[in-house]
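So the structure is just underneath, and the comments pick up after that.
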Protein chains: 2
Amino acid sequence: MREFKRKARVLLIDDNADHLRGVKELISLETNYDIVGTTTSANMGINLVKKYQPDLVLMDINMPEKDGLQAIQEIEKLELGTKIIALSGYDDADLIFRAMKIGAKGYVLKTMASAQLIYAIDEVLSGKVYLPSALSSRFFEYFQRTFKEESSNQNEENLLNYLTSREEEVLDLLTQGNNYKAIAGKLFISETTVKTHVNNIFQKLQVNDRTQAVLYALNNGFANKVRAKISA
Amino acid sequence: MREFKRKARVLLIDDNADHLRGVKELISLETNYDIVGTTTSANMGINLVKKYQPDLVLMDINMPEKDGLQAIQEIEKLELGTKIIALSGYDDADLIFRAMKIGAKGYVLKTMASAQLIYAIDEVLSGKVYLPSALSSRFFEYFQRTFKEESSNQNEENLLNYLTSREEEVLDLLTQGNNYKAIAGKLFISETTVKTHVNNIFQKLQVNDRTQAVLYALNNGFANKVRAKISA
DNA sequence: AATTTTCTAAATCCATGGATGTAAATCAAT
DNA sequence: ATTGATTTACATCCATGGATTTAGAAAATT
């Protein structure tokens, strides 16, 4: 275990007063931490963060009044470098994922052993991100499910594969919001030629207008394809 | 340590013959595993996966001939439920992230202790996702950096915030590729009213046409906003 | 109670977009 | 050498999209 030069300043936010007291006592037993404040209100918590600029915040994310996730976001927005560990009663994959996504450095269940919480605090204060292995498993499963679709979409029958390279260029410019005239100017070809290409694109993608074409492109990994081509 | 009913079938793919032999011997010492094949070629490896349908593949992802990540993707596409652990010489965050993204259930450095590899294999075979804590830290840092921009974009001066709720509905339908008539039909209002709304949207988003409006919406977290409103 | 915002609607006018057919030059592949 | 695909181009016609102005009713705010 690592030694800290000065005591780490910790703030507790938990609308459940009983649990709050329990955690406070638990942390008070540790010599490395200094509790700079406790509150049962998310809004008050944000104010206390501004005032005391703690090193670490333990944030209950299951609060009725204000969403704990939103509170985390607001603290992150302050950009004070405050590390945040989410405390939750639920090991819901979506919750874990969203908490990590908005910048929580850890996620600990209230039902977990107190030693686990202390360990998480130490890890996070030392600059790491800490998720108990049971929760990181959940996270990764969710993560992979979320991104599986993205990559599998790029296979199957992707109509984008039927486009010629010139049509890809035109579609790329369409996905940047250009109209016919702008595209013609950028590709040094006539506007009517662009119209021809765009019409062919519509046929191949089986859509009726430019907006649908752009949406098809974005939803089927067109940007990835173009970038892959550039880096190749 | 968990007991398996039958020996787990393992396939090794590593273009470094020396390392391949080492890992093979290491795994042979374990009584729970059955090595069904080894190869130094990614393409051959994919064929062996099809033939033997192993429970687990150890895949070196630093191969010159064929990209190991691509090989993982192709194995995933077979949908045989094959678990894959990526082996790599580098703890590069981007590599780790991409490997996990395409479905690797684990990522182990070649320099790590052999006990760590065995542990990873056990964990993955038992259905979990396993990343050594040093690597999972890397992963999460990368993950948070990647998504930080997305959420911070949603703050600043987001022009979407000026839209009325009706305008949001209209924009939502625009981002699904609807034209005026379709939107009018779905909202039970006249086409001219839709035009009015859309024009107001253009003004507020400072764009010139529907495609640009749709692009602005998608690039500024409009989908997230709409979903947040639904779940609220 | 008074005011502002929002939602609805229409008219008008012009610009842009989209469908269709034709066609020539170039290039790749058989 | 010939075929087929690609890129370029134009004409024509009609549909849709977009700008602007005006305006009534309802809802929210002050």
Side-chain angles (χ1 to χ4, degrees), chain A residues 157-219 222 225-226 228-230 232, chain B residues 157-219 222 225-226 228-230 232:
Chain A
E157 259 301 276
N158 193 328
L159 299 177
L160 291 171
N161 295 138
Y162 299 135
L163 298 183
T164 68
S165 63
R166 195 57 161 173
E167 285 162 358
E168 282 183 352
E169 285 185 79
V170 173
L171 181 54
D172 186 36
L173 291 171
L174 280 181
T175 62
Q176 290 165 35
N178 294 287
N179 61 13
Y180 287 135
K181 194 183 299 192
I183 295 174
K186 289 179 183 178
L187 295 182
F188 304 107
I189 56 180
S190 86
E191 213 174 314
T192 57
T193 303
V194 178
K195 281 194 173 192
T196 307
H197 286 312
V198 171
N199 265 290
N200 291 332
I201 292 171
F202 290 168
Q203 303 308 316
K204 291 183 178 178
L205 301 188
Q206 299 168 23
V207 298
N208 303 313
D209 56 49
R210 32 148 58 42
T211 307
Q212 289 178 5
V214 167
L215 288 169
Y216 185 94
L218 298 182
N219 291 328
F222 181 69
K225 271 182 210 296
V226 175
K229 205 158 267 189
I230 290 169
Chain B
E157 260 301 277
N158 194 328
L159 299 176
L160 291 171
N161 294 138
Y162 299 134
L163 298 182
T164 68
S165 63
R166 195 56 158 174
E167 286 162 357
E168 282 183 352
E169 284 184 80
V170 172
L171 181 55
D172 186 36
L173 292 171
L174 280 181
T175 62
Q176 288 166 36
N178 294 288
N179 61 13
Y180 288 136
K181 195 183 300 192
I183 295 174
K186 290 179 182 177
L187 295 183
F188 304 106
I189 56 181
S190 87
E191 214 173 314
T192 59
T193 303
V194 178
K195 281 195 175 192
T196 307
H197 287 312
V198 171
N199 265 289
N200 290 333
I201 291 170
F202 290 168
Q203 302 308 315
K204 290 184 179 178
L205 301 188
Q206 298 167 23
V207 298
N208 304 311
D209 57 49
R210 41 148 46 48
T211 307
Q212 289 178 5
V214 166
L215 288 169
Y216 185 94
L218 298 181
N219 291 330
F222 181 69
K225 272 182 208 296
V226 175
K229 205 158 265 190
I230 291 169

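Sequence lines set the chain letters: A, B, ... in the order given, protein chains first and strands last, and positions in each chain run from 1.
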Item to check | The single option from A:Val214, A:Leu218, A:Leu215 passing side chain to side chain contact (heavy atoms under 4.5 Å, CB included) against B:Val214 | outcome: A:Leu215
Item to check | Stepwise side chain to side chain contact (heavy atoms under 4.5 Å, CB included) test for B:Leu160 and B:Leu171 | outcome: CA-CA 10 Å; B:Leu160 291 171; B:Leu171 181 55; 3.7 Å; yes
Item to check | Verdict with reasoning, A:Val170 to A:Leu187, per side chain to side chain contact (heavy atoms under 4.5 Å, CB included) | outcome: CA-CA 8 Å; A:Val170 173; A:Leu187 295 182; 3.8 Å; yes
Next on the checklist: Let me test you: for the helix from C:dA1-D:dT30 to C:dT30-D:dA1, what is the angle between the axes at its two ends (five pairs each), rounded to 10 degrees?
Outcome noted: 60°
Could you list the residues that satisfy side chain to side chain donor-acceptor pair (under 3.5 Å) with [X], not counting sequence neighbours?
X	value
B:Gln176	B:Asp172
A:Thr193	A:Ser190
A:Lys204	A:Glu167
B:Asn179	none

Checklist entry - Tell me, which pairs form a salt bridge (Lys or Arg N to Asp or Glu O under 4.0 Å) where one or both residues lie in residues 173-192 of chain A, sequence neighbours left out? => result none
Checklist entry - If you look only at pairs with a residue in residues 208-217 of chain A, which of them pass as a salt bridge (Lys or Arg N to Asp or Glu O under 4.0 Å), with sequence neighbours excluded? => result none
Checklist entry - After noting the C-alpha distance and the side-chain angles of B:Ile189 and B:His197, does the key distance pass the side chain to side chain contact (heavy atoms under 4.5 Å, CB included) rule? => result CA-CA 11 Å; B:Ile189 56 181; B:His197 287 312; 4.2 Å; yes
Item to check | Neighbours of DNA chain D within residues 173-185 of chain B, by heavy-atom distance under 4.0 Å | outcome: B:Asn179, B:Tyr180
Next on the checklist: I'd like to check the side-chain contact (heavy atoms from CB on, under 4.5 Å) partners of A:Lys195; sequence neighbours left out, ordered by chain and number.
Outcome noted: A:Tyr180
Next on the checklist: At under 4.0 Å between heavy atoms, how does the protein contact nucleotides 6-13 of chain D? Give one character per nucleotide, 5' to 3', with B, S or -.
Outcome noted: SSBBB---
Checklist entry - Nucleotide range of DNA chain C contacted by chain A, 5' to 3', under 4.0 Å to a heavy atom? => result C:dG17 to C:dT20
Checklist outcome for this item: Applying salt bridge (Lys or Arg N to Asp or Glu O under 4.0 Å) to A:Glu169 and not counting sequence neighbours gives A:Arg166
